Amino acid sequence: MKYRIKLKRCVAVFIFSCTILMLAGIALASNRSRRPRVGNPARHSFPALGAGSRRKVRVAWNRYYDHAGLTAILVRLNRAFPDLTRLYSIGKSTQGRDIWCLEVTARNVGEPDRKPGMYIDGNIHGNEVQAGETVAYTGWYLCHQYGRLEKIKSLLDERVFYLVPSVNPDGRDFWLHRGGRARSGLEPLDNDRDGRADEDDIEDLNGDGFITMMRIKDPHGRFKLHPDYPEYLMVRTRPDESGEYELLGSEGIDNDGDGRINEDGPGGYDMNRNWAFDWQPGYVQYGAKDYPFSQPETHAIAGFILDHPNIAAAQSYHNSGGMILRGPGRQGGPMNYKDDGVLALIAARGEKIIPYYRSLVLWDDLYQALGSELDWLYGGRGILSFTNELWTSRNLYKTSDSPSDEQEAEFIKYVLMSDGFVPWQQYEHPTYGMIEIGGRKKEWGRVPPSFLLEEELHRNMAFTLYHADMMPLLQISAVKVEQLGENLFKIWVTIENKRLIPTRTGQDVAHHISPPDIVSLKGDELRVLSSGRITDRFFKRVEAVKRRPERVELDTIDGMSTVRVQFVVDGKGEFTITVDSAKAGLLKKSQLLPATN
C-alpha cells in the first residue's frame, strides 16, 4: 500500500515537472520569436543642447552635398519656412548652374531690404566644399531656432541674411564627383599653350573609384617607406642614404603626347583674384583672368552686393588652416585704423568661439593676394569682412600644435579604421612601366571627417552670427523739447548705436561709398528754422546746417556711441523724427509739441 502511494506521488511530481518544463519551453520559444514593435525613433528622441527637437527639414550634416543636394536643402527650407525665407538665383556659373541665394529674415517684421544685411558665401574654390555646408547649415539653424531661442529671434527680427552656399558650383561638383585639381572655375583654359584647352588632366587609371598618387620603385629615388607606418607614409631619405621609391605625382598619363603628364586640367584660374580692387593681370597675380569680374560667378556676386546697399557685414568661407582672416591683401593696402580695431575685436571673440583658429591679417600673416573678394568688400564697398579658412588638423587631437605626420597616420589607422588611404596597387603605366597607385583619399587633409564636420559648421556659424549681431543697431533713445517762446521750440534728438560696427566705416566715409546718415524732422503745422549736430551737450555747442535745415547729415554713428541733433522749429502739433541709414535701417518716432497759452 505504501509503495503504491509513493509511486503515485512520484508520477504526479514527474507529470507536474514535465508540464512546467513544457510551459517554460513554450514561453521561451514565444519570447524568441517575438519581434519588437517598430516605431519612429524621432518620437522617442531628446535634443542635445544647441539644437531643438523640431525638424521640419531633416539634413544629415556629417556629409557633403553636390550642387543638386545643396539646392534640394535650400528648396526644402524655403518651402518649410515661407515666412522666414526667399530663394532665388542671382546668376549662372560658367557651365550654367544656378548660384542660389537663400534670404533669411523675419519677413513679417519690418522691411527686409531696410534691415542691416549680413552677406555670407562659400566655396569660391571648388575643392573647398565644407564652405557650402557651413552656409547652408547657417540657414537651416536660423530657420529652426527662430521662435525657440531669443537671440535668433532678435537677429532675424532686426537683420537680414543673404546666404550663397556655393559661388563655384561647377568646381564643387567636379571635385565631389571626380576629384583632383578643382580649385578653379571650369571655363576651358589652355594652360600649356599648345592650342588646346583642358586636354591633359588627372584620371583614375586603375578604375578603383579614387584618384590618388603614383610612385615607382627606384633604388636611386629619394623616398622610402616609413618604418612604423609603411602603409600610410613615405619619408625622404638622408642625403647619404639609398632610396626605395620616386614619387610621380597624381594618377594620369600623357594624353596630348607633349612629354608631360597632367599639365592641362580643367580651368586654371582663381576666381578669388578676379575682383575689382587691387586687381592685377595674370603676369603679376596668378589666376586673375582677363579683367575684373570677367567671370560670370564673380560678376553675379558683385552685382548682387551692389544692389543691396544695406549689406553692413560679410563673411566668406574657404579652406583650410583654421584662420580668421581680415584685410588688407597687400602691404600698404587700405585699412582704417578704427575699422581694423573693430575687426580685431570681433576676431578675438572668434578665436574663443572656434578653438584652434587664429586671427590673422592676410598680407602680413599669410601671403599677398591681389584682387580678392575680401579686399573688394572692404576697399570697394566699405563692408567689414572676414574670410575663414575652415578646418585645422589641430582639431584631430584637440591640441594647440599641429599633429605630426605620424600622429595623422595614427588617427587614420586607429580612429578612422584606415578609411582615409587607398592601399597601393601595381599598375602598368604606358610611360613609366610598372608603378604603384595609392595613397591618401582626396577627403583627407583639407576637409574634416564626418564626426567633426558638424562641430566645424556650428562653431563657424556661431562666429558669423556674432559678427552679424555686431552690425549697427540704432535707436532714437530720447527726444527732448524745450519751449523758447510762443510756438518756438528747441528739439534735441539722441540717437544711439547699440552695437560695435559703425553705420559707415572709415573706408566708406573717406571714399563716399554709401550716402551719409540722415536725421530729419517733419510736421504738417510747423517749420524748421535751424538745425545741426550737437558737438558739446554740456556747453550746448551746435555745428549748424547751412542749408535745408529740416535734415542733418551725419558722416557716421560710431559703434557703442550716441549722437545728438538739434532742431529749432516754429509751429504746433505733431512732428516726426526720421533716421535714415543705408546700412542701419530706417527709424521713425513721432511726438506732440507742447501746447502754448
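Here, residue 1 is the first one in the sequence, and each next residue gets the next number. Predicted model, so just to flag it, every value in this text is computed and none were measured.
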Within the distance-only criterion (no hydrogens, no angle test), does the side chain of Asp66 pair as donor or acceptor with the backbone N or O of Asp173 below 3.5 angstrom?
no
Anything under 30° is parallel, anything over 60° is perpendicular, the rest tilted; go ahead and classify His429 against Tyr427.
perpendicular
Any side-chain heavy-atom pair from His67 and Arg97 closer than 4.5 angstrom?
yes
Using a strict threshold of under 4.0 Å (side-chain N to carboxylate O), is an ion pair present between Glu246 and Arg222?
no
Please confirm whether His458 and Tyr141 have ring centers closer than 6.0 angstrom.
yes
Between Asp190 and Arg196, is the closest basic N to carboxylate O distance under 4.0 Å?
no
Taking the inter-plane angle between the rings of His125 and His318 on a 0 to 90° scale, is it parallel (under 30°), tilted (30 to 60°) or perpendicular (over 60°)?
perpendicular
Heavy-atom check, side chain of Arg440 versus side chain of Ile412, under 4.5 Å:
no
Is it true that a side-chain atom of Ser184 and a backbone atom of Gly267 form a donor plus acceptor pair closer than 3.5 Å?
no
Taking only Lys NZ, Arg NE, NH1 and NH2, and the carboxylate oxygens of Asp or Glu, determine whether Glu241 and Lys224 approach each other closer than 4.0 Å.
yes
Gln425 vs Glu436, test: side-chain hydrogen bond (donor to acceptor under 3.5 Å, both in side chains). Steps then yes/no.
CA-CA 5 Å; Gln425 300 176 1; Glu436 296 176 8; over 6 Å; no
If you take the centroid of each ring, where Trp contributes its six-membered ring, are Tyr232 and Trp424 closer together than 6.0 Å?
no
Do Val129 and Val447 come close enough that some side-chain heavy atom pair is under 4.5 Å?
yes
Taking the six-membered ring for Trp and the full ring for Phe, Tyr or His, determine whether the centres of Trp444 and Phe421 are under 6.0 Å apart.
no
Is a salt bridge present between Asp419 and Lys441, judged by a nitrogen-to-oxygen distance below 4.0 Å?
yes
Taking C-beta and beyond as the side chain, do Arg183 and Asn168 meet within less than 4.5 Å on heavy atoms?
no
Do side-chain atoms of Arg86 reach the backbone of Val104 as a donor and acceptor pair under 3.5 angstrom?
no
Between Glu103 and Thr85, do the side chains contain an N or O donor and an N or O acceptor separated by less than 3.5 Å?
no
For the ring pair Tyr286 and Tyr269, is the centre-to-centre distance below 6.0 Å?
no
Before giving the answer on side-chain contact (heavy atoms from CB on, under 4.5 Å), spell out for Asn310 and Tyr162 the whole-Å C-alpha distance, their side-chain angles and the decisive distance to 0.1 Å.
CA-CA 11 Å; Asn310 60 315; Tyr162 304 108; 3.0 Å; yes
Does Arg215 make a cation-pi contact with Tyr245, if we ask for NZ or CZ under 6.0 Å from the ring centre and within 45° of the axis?
yes
Kindly determine whether Val59 and Tyr65 satisfy side-chain contact (heavy atoms from CB on, under 4.5 Å), including the steps that lead there.
CA-CA 10 Å; Val59 182; Tyr65 297 89; 3.7 Å; yes
Would you say the ring centroid of Trp279 lies under 6.0 angstrom from that of Trp376?
no
Begin from the C-alpha positions of Ile261 and Ile253 and carry the test side-chain contact (heavy atoms from CB on, under 4.5 Å) through to its verdict.
CA-CA 5 Å; Ile261 292 176; Ile253 61 174; 5.6 Å; no
Do the non-hydrogen side-chain atoms of Tyr397 and Glu410 ever get within less than 4.5 Å of each other?
yes
Mind running side-chain contact (heavy atoms from CB on, under 4.5 Å) on Glu187 and Lys289 for me, showing each step along the way?
CA-CA 11 Å; Glu187 179 184 327; Lys289 211 60 172 68; 3.1 Å; yes
